[in-house]
Novice: 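Right, I'll just put the structure down here and ask away after.
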Amino acid sequence: MIPYGRQSISEQDIAAVVAVLRSDWITQGPAITAFEQGLAAYCGAPHAVAVANATAALHIACLALQVGPGDLVWTSPNTFLASANCALYCGAQVDFVDIDPVTYNLCPQALERKLEQAAQAGRLPKVVIPVHFAGQSCDMAAIAALAQRYGFRVIEDASHAVGADYRDGKVGNCAYSDLTVFSFHPVKILTTAEGGMVLTRQPALHQALQLLRSHGMTRDQALLQHPDEGAWYYEQVALGYNYRITDLQAALGLSQLSRLDEFVARRRALAARYDTLLAPLALRTPGQAASGRSAYHLYPIHVAPERRRAVFDALRAQGVGANVHYIPVYQQPYYQRLGFQSGLCPQAESYYAGAISLPLYYALSEAEQDQVVAAVRSALA
Ligand SMILES: *Cc1c(COP(=O)(O)O)cnc(C)c1O
């Protein structure tokens, strides 16, 4: 089976992890800071906090913005569950903004219409979480302009988009947001097995994230009520968690970071090849906005909804590990029990009805890609 996504682990990656195993620190050591500083510098943001996974990153990002009971958080329905669940962890309510039918990203016009209605009803969101679906940045300039006008904060869920470009910068530079979150799950572009990171330009948010990652504890003299107690002394100043990443994982991440441009270049080349090879077939290839360049975590095609099930099953039967991204989050039974109903986001529902993600990963060969294309062609016939 050709999988839809797969990590690429080099001998250099393995050596980096082994070196940590032989060192004094296997967690909370120097590799974590090096990974944070390396990715922050790559993206062009001054601060970064690495954590156990992107779900934890989204949770502490919401908490750093003081999301709590009574607050509203809006996100895209075309995402993994964690983009919405993070708000529920904080006791806030979630709502969904429909997507753009070309990029499948949260639609700024739909957001504006929903904000106008929410302003009239006195129920504006505290935070909006745009998701850079498949590795393509949302229209962040438009979302940031709305954030200014309506007074909400912005967390970019860039789990798919490490290495992507938007306007004249890298996704993650937080030029149009308060915080950006990355995931390093093995199917994503760069991996630490499990892992995530939050980036920000704001020192106060950086400090809050560091506390939340590790029990709300600090030894920072500037934060202590009793700074003269002794060298053993620490204080808990907030309610935090154990969301730490290990040095083993951070060493893997840092080594992978040196290959990130190569990973993204290969994904872009394979995506361009899919665009060409699939163009004659009865399907829609993923649309790209002019304002950036996708890092291509996913390559989602769209087929006639009444054929999707048959095409998907035929691909699997031919050894192509296709997948589907995403079932609109609010159609999950848990969200239906919260009161959400089908029909809320028609664009997300019609996209989902025909969506199939084709295999795309660094080590996918052109021969394998040709096999995928042949399977799609025969599945559609
Ligand atoms: C993978 C993913 C997450 C969660 O990442 P983990 O690191 O597995 O917790 C969150 N949001 C999106 C959009 C994702 O694709």
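None of these values were measured; they are calculated from a predicted model. Remember, it's 1-based here, ligands and their atoms both numbered in the order they're listed. The analysis underlying the following values was restricted to heavy atoms, covering all of them including side chains, and did not include hydrogens, waters or symmetry mates. Residues take their numbers from the sequence shown, with the count starting at 1.
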Novice: Please verify the inter-ring angle class for Phe96 with Tyr330; under 30° counts as parallel, over 60° as perpendicular, anything in between as tilted.
Specialist: tilted
Novice: What protein heavy atom sits nearest atom 15 (O) of ligand 1, and how far away is it?
Specialist: His160 NE2, 2.7 Å
Novice: Using a 4.0 Å heavy-atom threshold (strictly under), name the region of Asp157 that reaches ligand 1: side chain, backbone, both or neither.
Specialist: side chain
Novice: When you measure from the heavy atoms of Gly196 to every atom of ligand 1, does any distance fall below 4.0 Å?
Specialist: no
Novice: For atom 2 (C) of ligand 1, tell me which residue out of His132, His185, Lys188 has the closest non-hydrogen atom.
Specialist: Lys188
Novice: Using a strict cut-off of 4.0 Å, indicate which atoms of ligand 1 neighbour a heavy atom of Thr79.
Specialist: 13 (C)
Novice: Any idea which protein heavy atom is nearest atom 9 (O) of ligand 1, and the distance to it?
Specialist: Thr55 OG1, 2.6 Å
Novice: Checking side-chain polar atoms at under 3.5 Å, does Ser76 have a donor or acceptor matched by the opposite partner on Asn78?
Specialist: no
Novice: Around atom 10 (C) of ligand 1, find the nearest protein heavy atom and jot down its residue, atom name and distance.
Specialist: Ser159 OG, 3.4 Å
Novice: Does Ala57 come within less than 4.0 angstrom of ligand 1, counting non-hydrogen atoms of the residue?
Specialist: no
Novice: Any side-chain donor-acceptor pair under 3.5 Å between Gln331 and Ser342?
Specialist: yes
Novice: Is the NZ or CZ atom of Arg308 both under 6.0 Å from the centre of the six-membered ring of Tyr352 and within 45° of that ring's axis?
Specialist: yes
Novice: Give the numbers and elements of all ligand 1 atoms closer than 4.0 Å to a heavy atom of Gly195.
Specialist: 7 (O)
Novice: Among the heavy atoms of Phe182, does any lie under 4.0 Å from an atom of ligand 1?
Specialist: no
Novice: Taking 4.0 Å as the limit for heavy-atom contacts, which would you say applies to Ala54 with ligand 1: side chain only, backbone only, both, or neither?
Specialist: both
Novice: Between Asp165 and Arg268, does at least one N-O distance fall below 4.0 Å, as a salt bridge requires?
Specialist: yes
Novice: Under a 3.5 Å threshold, yes or no: a donor from one side chain and an acceptor from the other, between Gln318 and Ser378?
Specialist: yes
Novice: Between Val131 and ligand 1, which part of the residue brings a heavy atom under 4.0 Å of the ligand: side chain, backbone, both or neither?
Specialist: side chain
Novice: Atoms of ligand 1 less than 4.0 Å from Ser183 heavy atoms?
Specialist: 1 (C), 5 (O), 6 (P), 7 (O)
Novice: If we ignore hydrogens and angles and just use 3.5 Å, is the side chain of Arg213 paired with the main-chain N or O of Ala52 as donor and acceptor?
Specialist: no
Novice: For His297 and Phe133, run ring-ring contact (aromatic ring centres under 6.0 Å, His included): C-alpha distance rounded to whole Å, both residues' side-chain angles, the deciding distance at 0.1 Å, then the answer.
Specialist: CA-CA 8 Å; His297 162 51; Phe133 177 71; 8.6 Å; no
